[in-house]
Amino acid sequence: MERVSAAGGLLFAEGVREFSLRATLESGQCFRYRELPDGFFEVRAGSRRGEFCLRGETLICRSVLATDFEAFWRNYFDLDFDYAAVRKVLGRDPVLAEAMKRCGGLHILRQEPFETLVTFIISQNNNIPRIKGIVARLCEAYGEGGFPSPERLAALDIPGLACLRAGFRAKYILDAARKVTAGEVNLSALPALPYDEAEAELRKISGVGEKVAACVLLFGARQLDAFPVDVWMKKAVGHFYPEGLDRSRFGGFAGIAQQYLYHYARISGLHLA
């Protein structure tokens, strides 16, 4: 990114390359966003809120201070990572080369680990509109509009979470909050741990299996070799790679490859059910 300037109540981040705001937000890695009638996206993360629109290589920011952009949003959207170099690596794979032509500009958002953990617990056996509704009710009820802390949620009980209408997921949310608060699960250690150890740390939490752990490690702990696979993604991989797939072919960027495959299958209208 080359420079950031302000005019007319807006912030302009110029020289934003290899980035699609829409594809990144709609790729299933976050749930606290909505498209506004004027084409901006309202995005919430933690206690922060901003409105964003991409025009060419300029990210236009509304309701965002320059200091907050530099301190948080630049990193959240992963604008300083060299995605052009990643595309060169992934482009050696013919399926991904085509996927990147069709849906280029996907970034891996740098999300807060606890928020990522809870939202992906909520995502289990769920659809995106319902996930977004549960997350919104969680923030409204216990985060004062922002995302609630583990300590705030740990103090609740199952009846206290009834307003979320989260079903069986409520007990998993509570278990996650209590284990993080008690120090039984150390989220801050996840980025530096070997993958298997980081996965085992997360799987101490009831309801966290291989797929949810992989999502948390990819989107909340920056483990770019994580490759989340649910039933739908398993079918997508089978469609694109009928001979089988070894994620080592992606040169340490399996998580980014997974996002491209997920989005490519989605926009291609493949009937994988």
Can you find a heavy atom in the side chain of [X] that is under 4.5 Å from one in the side chain of [Y]?
| X | Y | answer |
| --- | --- | --- |
| Gln223 | Pro191 | no |
| Pro228 | Gln258 | yes |
| Leu224 | Phe250 | no |
| Pro94 | Glu98 | no |
| Gln259 | Ile256 | no |
| Asn186 | Val180 | no |
| Thr58 | Val16 | no |
| Val216 | Leu218 | no |

Taking the ring centre of each residue, are [X] and [Y] less than 6.0 Å apart?
| X | Y | result |
| --- | --- | --- |
| Phe72 | Tyr76 | yes |
| Phe120 | Phe31 | yes |
| Phe77 | His107 | no |

Against the six-membered ring of [Y], is [X] placed for a cation-pi contact (under 6.0 Å from the centre, within 45° of the normal)?
| X | Y | answer |
| --- | --- | --- |
| Arg22 | Phe41 | no |
| Lys132 | Tyr33 | yes |
| Arg87 | Phe19 | no |

Do other residues, nucleotides or ligands put more than 12 heavy atoms under 6.0 Å from the [atom1] atom of [X]?
| X | atom1 | answer |
| --- | --- | --- |
| Glu112 | CD | yes |
| Lys234 | NZ | no |
| Glu210 | CD | no |

Closer than 3.5 angstrom, by distance alone: can the side chain of [X] be matched with the main-chain N or O of [Y] as a donor-acceptor pair?
| X | Y | value |
| --- | --- | --- |
| Arg247 | Gly255 | no |
| Glu151 | Ala177 | no |
| Asp246 | Arg249 | no |
| Arg169 | Ala166 | yes |
| Asp175 | Ser206 | yes |
| Asn75 | Ala71 | no |

task = Would you tell me whether Tyr260 and Asp93 have side-chain atoms, one donor and one acceptor, within less than 3.5 Å of each other?
result = no
Answer yes when [X] and [Y] have at least one side-chain N-carboxylate O distance shorter than 4.0 Å, and no when they do not.
| X | Y | value |
| --- | --- | --- |
| Asp82 | Arg17 | no |
| Arg49 | Glu51 | yes |
| Arg203 | Glu201 | no |
| Glu184 | Lys179 | no |

query = After noting the C-alpha distance and the side-chain angles of Glu115 and Arg32, does the key distance pass the salt bridge (Lys or Arg N to Asp or Glu O under 4.0 Å) rule?
reply = CA-CA 10 Å; Glu115 181 170 342; Arg32 296 178 66 203; 3.0 Å; yes
request  = List the steps, then state whether side chain to side chain contact (heavy atoms under 4.5 Å, CB included) holds for Val4 with Glu14.
outcome  = CA-CA 6 Å; Val4 177; Glu14 300 177 49; over 6 Å; no
query = So among Arg48, Arg34, Arg62, which one has a salt bridge (charged side-chain N to carboxylate O under 4.0 Å, His left out) with Glu42?
reply = Arg34
key: Test log, rule side chain to side chain contact (heavy atoms under 4.5 Å, CB included), inputs Lys211 and Ser123   = CA-CA 11 Å; Lys211 186 259 183 177; Ser123 77; 4.0 Å; yes
Side chain to side chain contact (heavy atoms under 4.5 Å, CB included) evaluation trace for Tyr262 with Asp230 = CA-CA 11 Å; Tyr262 174 88; Asp230 56 12; 5.5 Å; no
task = List the steps, then state whether salt bridge (Lys or Arg N to Asp or Glu O under 4.0 Å) holds for Arg222 with Asp78.
result = CA-CA 11 Å; Arg222 197 64 180 177; Asp78 204 23; 2.7 Å; yes
ask   = Step by step, would you call Tyr195 with Leu190 a side chain to side chain contact (heavy atoms under 4.5 Å, CB included)?
value = CA-CA 8 Å; Tyr195 186 88; Leu190 297 179; over 6 Å; no
